[in-house]
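Notes follow the structure.
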Amino acid sequence: METTPAFEGLTCVDCEETFDPETATHRCPDCGGILDPTYDYAAIDVTREDFESRRFDSMWRYEELLPFTRESAVSMDEGATALVDCPKLADEMGVGRVLIKDEGRNPTGTFKDRGQTVAMTAAAQHGASDVALASAGNAGQSAAAYAGRAGIDSHVFLPSRAGFTNKAMVNVHGGDMTIVEGRIGDAGAAYADAMDDNDDWYSVKTFVTPYRHEGKKTMLYEVVEQLDWEVPDHVVYPTGGGVGLVGMHKAAEEFRDLGLTDNLPAMYAAQAEGCAPVVRAFQEGRDVHEPWDTPDTICGGIEIPDPGASPWILDALRESDGGAVATSDSAILDAAVLVAQHEGLEMGATCAAAASGASALADDGAFGPDDTVVIMNTGTGNKDADVVRSHLMSKGI
Ligand SMILES: *Cc1c(COP(=O)(O)O)cnc(C)c1O
Ligand SMILES: [Zn+2]
């Protein structure tokens, strides 16, 4: 494999054993825990100036802190997205500054591309002929795109409620798509059966591959650099499986430990009231979630009733002195409309949970009057134009 010099191996978050990435490809061979890429930080010698001297053209510009070399990556120059000042939102929320990290500007329109570029690079370097995953929609679309680029066949399992754009584009990218009646859990069960039947399929599913949260961590590196190395006070993230949240928390610790920054941003998980297992666990002071019985929200990307990495998510929220917030679908869609009308930016329904959650946190007094708040717009609004437009219709508009 073409790994970077400081990449040491994959460490299990449960048993803490470290494994060779050549042979350990997915979950912990000893205990089944999630594997996390680890580095010899003492061997990483990069300064702020080094990063600043590089073009802001791709997340792979943080190559030293990624497992694989930029040259070997299956990449479409994902990342390097804009961080847009939102002065009206800042006024409305009574804080110093609000910025939206606009991940809709990625190759397939969501930040899932940051995860797939690293996961697909690993798949290619392990010689995979076929990749597979279950997804609520965006990850499936992204995987089909990156698999096509890598010359690998993809098998994508989506629930019937996945959005039309996701389904259409899996076909367009040449993916083998299975639509399963129901929700993400049903798609996951069909995927698991298919994996049992096909020994040679390589999983690129959330937290099954060790590399998706690793790719998503680059969002935080970019935010800090875009703020001229000021760590934002608060980062609000629309949380499903929590991949991006744990990734960004890890990235914040890495920058701090490398001496590039001094502190960590407070991380917040925003969920929809119809499926909020992380919020409930946080509020009840629990270390792990309880599966949500009847998930029901228009925010498909965060309708994850049983997020397996919840202990890790909850740790990140508590270690960073952040929090968790759930708002209603109607408040979430209102937030998408408000951001579009006041700031021009287009947010998908799922992503607007972060905007809505940030407002609710502001109302609860979570932010100070001079604070900087970053809202993660994880995907483009135009994949959900019908959903947000229908919300207006429900109000007679
Ligand atoms: C997948 C997805 C999420 C949730 O991501 P996690 O990191 O799994 O919590 C949020 N927003 C959008 C648009 C998504 O596609
Ligand atoms: Zn283990």
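The analysis underlying the following values was restricted to heavy atoms, covering all of them including side chains, and did not include hydrogens, waters or symmetry mates. Remember, it's 1-based here, ligands and their atoms both numbered in the order they're listed.
- Annotation for ligand 1: atoms under 4.0 Å from non-hydrogen atoms of N138 are 13 (C), 14 (C), 15 (O).
- A salt bridge links D36 with K250; the closest basic N to acidic carboxylate O contact falls under 4.0 Å.
- Between H26 and Y202, the ring center distance clears the sub-6.0 Å criterion.
- Under the ring-ring contact (aromatic ring centres under 6.0 Å, His included) test applied with Y62, the options F51, F68, Y39, F56 reduce to a single match, F51.
- Looking at V243 next to ligand 1, an N or O pair under 3.5 Å apart turns up.
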Original post:
What do the steps show when you test D102 against R105 for salt bridge (Lys or Arg N to Asp or Glu O under 4.0 Å), and what is the final call?
Top reply: CA-CA 6 Å; D102 198 12; R105 305 181 198 200; 2.9 Å; yes
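- Residue-ligand proximity, G301 to ligand 1, at heavy-atom distances under 4.0 Å covers atoms 1 (C), 2 (C), 3 (C), 4 (C).
- What sits closest to atom 8 (O) of ligand 1 on the protein, heavy atoms only, is G241 N, 3.1 Å.
- Checked against a 3.5 angstrom limit, the closest N/O atoms of T378 and ligand 1 fall inside it.
- Rounded to 10°, the angle that SG of C12 and SG of C15 form at the Zn ion (ligand 2) is 110°.
- The side chain of C351, and not its backbone, has at least one atom closer than 4.0 Å to an atom of ligand 1 (non-hydrogen atoms only; side chain from C-beta on).
- For ligand 1 and T350, the ligand atoms under 4.0 Å from any heavy atom of the residue are 10 (C), 11 (N), 12 (C).
- Where the criterion is an N or O separation shorter than 3.5 Å, residue side chain and backbone included, T239 fails it with respect to ligand 1.
- In summary, the aromatic rings of H249 and W312 are positioned with their centroids too far apart to meet the 6.0 Å limit.
- Within the 4.0 Å heavy-atom shell around ligand 1 one does not find G348.
- Looking at ligand 1, you'll find an N or O of G244 within less than 3.5 Å of one of its N or O atoms.
- Interface atoms of ligand 1 facing Y237, defined by a heavy-atom separation under 4.0 Å, are 5 (O), 6 (P), 7 (O), 9 (O).
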